[in-house]
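First comes the structure, then the notes that go with it.
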Amino acid sequence: MKIESLDLPDEIKRFYENSGILELYPPQAEAVEKGLLEGKNLLAAIPTASGKTLLAELAMLKSILAGGKALYIVPLRALASEKFRRFQEFSELGIRVGISTGDYDRRDEGLGINDIIVATSEKTDSLLRNETAWMQEISVVVADEVHLIDSPDRGPTLEVTLAKLRRMNPSCQILALSATVGNADELAAWLDAGLVLSEWRPTDLMEGVFFNGTFYCKDKEKPVYKPTKDEAINLVLDTIKEGGQCLVFESSRKNCMGFAKKAASAVKKTLSAEDREALAGIANEIMENSETDVSSVLEACVLSGTAFHHAGLTTPLRELVESGFREGRIKLISSTPTLAAGLNLPARRVVIRSYRRYSSDAGMQPIPVLEYKQMAGRAGRPRLDPYGEAVLLAKSYEEFVFLFEKYIEAGAEDIWSKLGTENALRTHVLSTISNGFARTREELMDFLEATFFAFQYSNFGLSVVVDECLNFLRQEEMLEKDSDALVSTVFGKLVSKLYIDPLSAALIAKGLREAGTFTELTLLHLICSTPDMRLMYMRSQDYQDINDYVMAHADEFSKVPNPFNIAEYEWFLSEVKTSLLLMDWIHEKPENEICLKFGIGEGDIHATADIAEWIMHVTAQLARLLDLKGAKEAAELEKRIRYGAAPELMDLLDIRSVGRVRARKLYEAGFKSTADLARASPEQVATLVGPKIAEKVFKQIGRKETVPESSDIESLEKGFPERQRTISDY
DNA sequence: ACGAGAGTACTTTAGACAGCATGTC
DNA sequence: CTAAAGTACTCTCGT
């Protein structure tokens, strides 16, 4: 099917023809035949890189030029910015694109002027909770990676959000994009969608198992070049020899770094002079971005043409690795599953060195077929590689047979809704009521009828859990107690709006109510005891230290559990360990020191601080609303966590381009406040932070604006009742 | 006396969304 | 129902 023959305005056809796209891929053509351009709902369950994005674009553009608005929902921030950048190319068609994620965001109402909005599923949920007006104008919703409905922690949000969008806007077209799953037909039926099911790929994929020096595929086998005694390294060298690049998946960070190091010397020998020069440039940038032990290891690897990639790396470092690979300079990336689900980063050959992954309740388990397919699907760069190869490694004949049967010949698992637990449902019950989507239990059940859970299990299964949620929310005073109707309290509305788990909010309120005096530690531990926080693992060497610390600071914790209750005490120690990480951070311990002490990467510090900052913000807001002690302390800690700095630097940190390090330098030199700086000589300041920064500093302290107090509570009290919509409005 | 190699005990184990208001070194 | 791989350390044996 030709682009020219599609029912689209000429300008769109010309846009694609100019970029060299003249003809649709077979699955794309099938989607068009099934009503993609006529506003029909569709589920496309097709492999990565077989043109899902184009499908979405055609549907969105068609609808927008007819006066509509498109929402593109993704699971990852990184994916949101990738799509955002791509869709910005439509600006020549006069189409405006916006992005909304937790970290990168424009004002929500202002977002509404855009024709396409890219958002994460949680952000979409949050926009719905805040009753963002433009959401009613949406005419197409694209749900990318919709198989994530199966995920226990994030799937429920996705399905509830889709159900709400459809309820609010029944005429809206849904285009769901999914990896191949066992029950795609069931998912399609839930969405009232046509199904496009295909295994077609633009580049051939040879999947197979490597055993005894030979790569066995379904219908062929080939021997592999054998210069070293490590089979995985041989597979890498074999690929490089044929002019390709290699992606190796590992199941732990340690192994992932280990393999990149191990392969380095052999890969280095294959590099051209030109490669070496480019790699030296990348290595340089790495060192400019980070000065930890891990980044030095990465630098050494990159100089040899290898790299590793995992969530312990900061975003800039990850991006350097990704772009070095895309440019063909880095020949091998050894990665944890970070790269499997995320960005589009294809390679000639993918080697899955470890198909098992640890889970705390069942030990090492084979990964699901769906995850294997995501990794294998990275093999083969369209237009650059003649074919792609996905290789599993077997150590014995039994394993060889097992791998072949499980991953190559069998299909992917079915996906199952995970909405049916109190933990998953609690927050969505509250937000549904708080928004006016449901005013009675009947309306609530009626709404939940539209979820994938109800579709799969019938919503009878939800009834008991819903009552548990309602009881909890009433008991915690997030819902009015003595009303048969479902009415959220001001507290409940704030909890819903701040996007925190109601259980976290209840724990925070209780902690603030019961605490006598607050130290930094009290508040940090309070937020770490919340289910929204992500905790550090305890290593065997940690027990002694953390335990001693608990003994020394026992009076600063709201409650220390009995050490004989092993499970509970163990959990408590993890909370304390995480609190101590945050303590070091807000006391300006250097990043590398924190990494070594806690056995984590720089990326983990920032991720932990990011969540902590959010929950501390929530704590301050809740304390203010409920008139509890600690509001001021929490607000100060929120800011300290944002910058990772001690309290005496707070004034200096209001200056832009002054962070924890520069502020400390200025402070130690005697400039303890903006007022001190106003009296300082420019030369003095320039020697401390450099002339450019000094200039910026002086520009600002002349006209320093104070930030107005946040207005969450006021807007709730004033603005909400009359703005509140009910289900009958839709 | 020293070192290679086998055997053993111990340790560790992926990823990542959200609020708010704008720029770290 | 319920793990495995890497590593650090120890022991043994041969030179």
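Letters go in sequence order (proteins before strands), and every chain restarts at 1. Just so it is clear, the structure is predicted and the values come from calculations on it, not from any experiment.
Between C:dA4, B:dG15, B:dT12, one nucleotide has an atom nearer to the side chain of A:M364 than all others, and that is C:dA4. Nearest nucleotide to the side chain of A:E638, out of B:dC17, C:dT2, B:dG19: B:dG19. Looking at the side chain of A:I611, the nearest of the listed nucleotides B:dC25, B:dT13, B:dA18 is B:dA18. Comparing atom distances between the A:R357 side chain and each of B:dA14, B:dT12, B:dG19 picks out B:dA14 as nearest. The side chain of A:H617 sits closest to B:dC20 out of B:dA18, B:dC20, B:dA14. Among the nucleotides B:dA18, B:dC20, B:dA14, the one closest to the side chain of A:T120 is B:dA18. Listed nucleotides: B:dA18, B:dC20, B:dT12. Nearest to the side chain of A:R642: B:dC20. When the nucleotides B:dG15, B:dC17, C:dT2 are ranked by their closest atom to the side chain of A:A362, C:dT2 comes out on top. Comparing B:dA14, B:dA16, B:dT13 by their nearest atom to the side chain of A:E371 picks out B:dA14. Of the candidate nucleotides C:dA5, B:dA18, B:dT13, C:dA5 has the atom lying nearest to any side-chain atom of A:R356.
Across C:dA5 and B:dA14, the matching P atoms stand 15 Å from one another, rounded to whole Å.
Side-chain atoms of A:R534 come within donor-acceptor range of the base of B:dA16, with a qualifying N/O pair under 3.5 Å. A donor N or O paired with an acceptor N or O is found under 3.5 Å between the base of B:dG19 and the side-chain atoms of A:E613.
Regarding A:Y543, its OH atom lies at a distance of 12 Å from the C1' atom of B:dT12, rounded to whole Å. If you measure from atom OH of A:Y537 to atom C1' of B:dA14, you get 7 Å, rounded to the nearest angstrom. If you take CG of A:D230 and C1' of C:dG6, they are 14 Å apart, rounded to a whole angstrom. In this structure, A:I508 places its CD1 atom 15 Å from P of B:dG19, rounding to the nearest Å. Atom pair A:F249:CZ and C:dA5:C1' shows a separation of 20 Å (rounding to whole Å applied). Computed from coordinates, the A:D610 CG to B:dC17 C1' distance equals 10 Å when rounded to whole Å. Atom C1' of nucleotide C:dT7 and atom CE of A:M257 are separated by 16 Å, given to the nearest angstrom. The nearest whole Å value for the distance from the CZ atom in A:R77 to the P atom in B:dG19 is 9 Å.
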Worksheet item: Can you give the dot-bracket line for DNA chain B, where a pair is Watson-Crick or G-U wobble with both atom distances under 3.5 Å, crossing pairs use [ ], and | marks a partner on another strand?
Response: |||||||||||||............
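A close approach under 4.0 Å does not occur between any side-chain nitrogen or oxygen of A:Q365 and OP1 or OP2 of C:dA4. Within the structure, a side-chain polar atom (N or O) of A:S540 is placed less than 4.0 Å from OP1 or OP2 of B:dT12. Side-chain N/O atoms of A:S360 include none lying less than 4.0 angstrom from OP1 or OP2 on B:dT13. Of the side-chain N and O atoms in A:S251, none sit less than 4.0 angstrom from OP1 or OP2 of B:dT13. Between A:K254 and B:dT11 there is no side-chain polar atom (N or O) within less than 4.0 angstrom of OP1 or OP2.
Residues A:K639 and A:E613 are not paired through a salt bridge, judged by the lack of any N-O separation under 4.0 Å between the basic side chain and the carboxylate. For the pair A:R154 and A:E122, the salt-bridge criterion is met [side-chain N within less than 4.0 Å of a carboxylate O].
With DNA chain B read from its 5' end, the first of the two nearest nucleotides for A:R539 and A:P75 is the one closest to A:R539. Ranked by how close their nearest DNA chain C nucleotide is to the 5' end, A:E399 and A:D361 are led by A:D361.
Within a 6.0 Å radius of NZ in A:K406, other residues, nucleotides and ligands contribute more than 12 heavy atoms. Dense packing is recorded around CD of A:Q365, with more than 12 heavy atoms of other residues, nucleotides or ligands lying under 6.0 Å away. For A:E648, the CD atom sits in a packed shell: over 12 heavy atoms of surrounding residues, nucleotides or ligands are nearer than 6.0 Å.
The aromatic rings of A:F402 and A:Y355 sit tilted, their planes meeting at an angle between 30° and 60°.
Residue contacts for A:V658: at a heavy-atom cut-off of 4.0 Å it reaches the sugar-phosphate backbone alone, with no base atom in range. Looking at heavy-atom distances under 4.0 Å, A:N255 makes contact with sugar-phosphate atoms alone, never a base.
No donor-acceptor pair under 3.5 Å is formed between the side chain of A:E602 and the backbone N or O of A:T292. Using a distance-only test at 3.5 Å, with no hydrogens or angles considered, a donor-acceptor pair links the side chain of A:K418 to the main chain of A:D150. Without hydrogens or angle criteria, A:T132 side chain to A:L128 main chain gives no donor-acceptor distance under 3.5 Å.
Stacking annotation: A:Y499 is not stacked on the base of B:dG19 (requires ring centroids less than 5.5 angstrom apart and an interplanar angle below 30 degrees).
In this structure, A:R640 forms no cation-pi arrangement with A:W585, as its terminal cationic atom is not both closer than 6.0 Å to the ring centre and no more than 45° off the ring axis.
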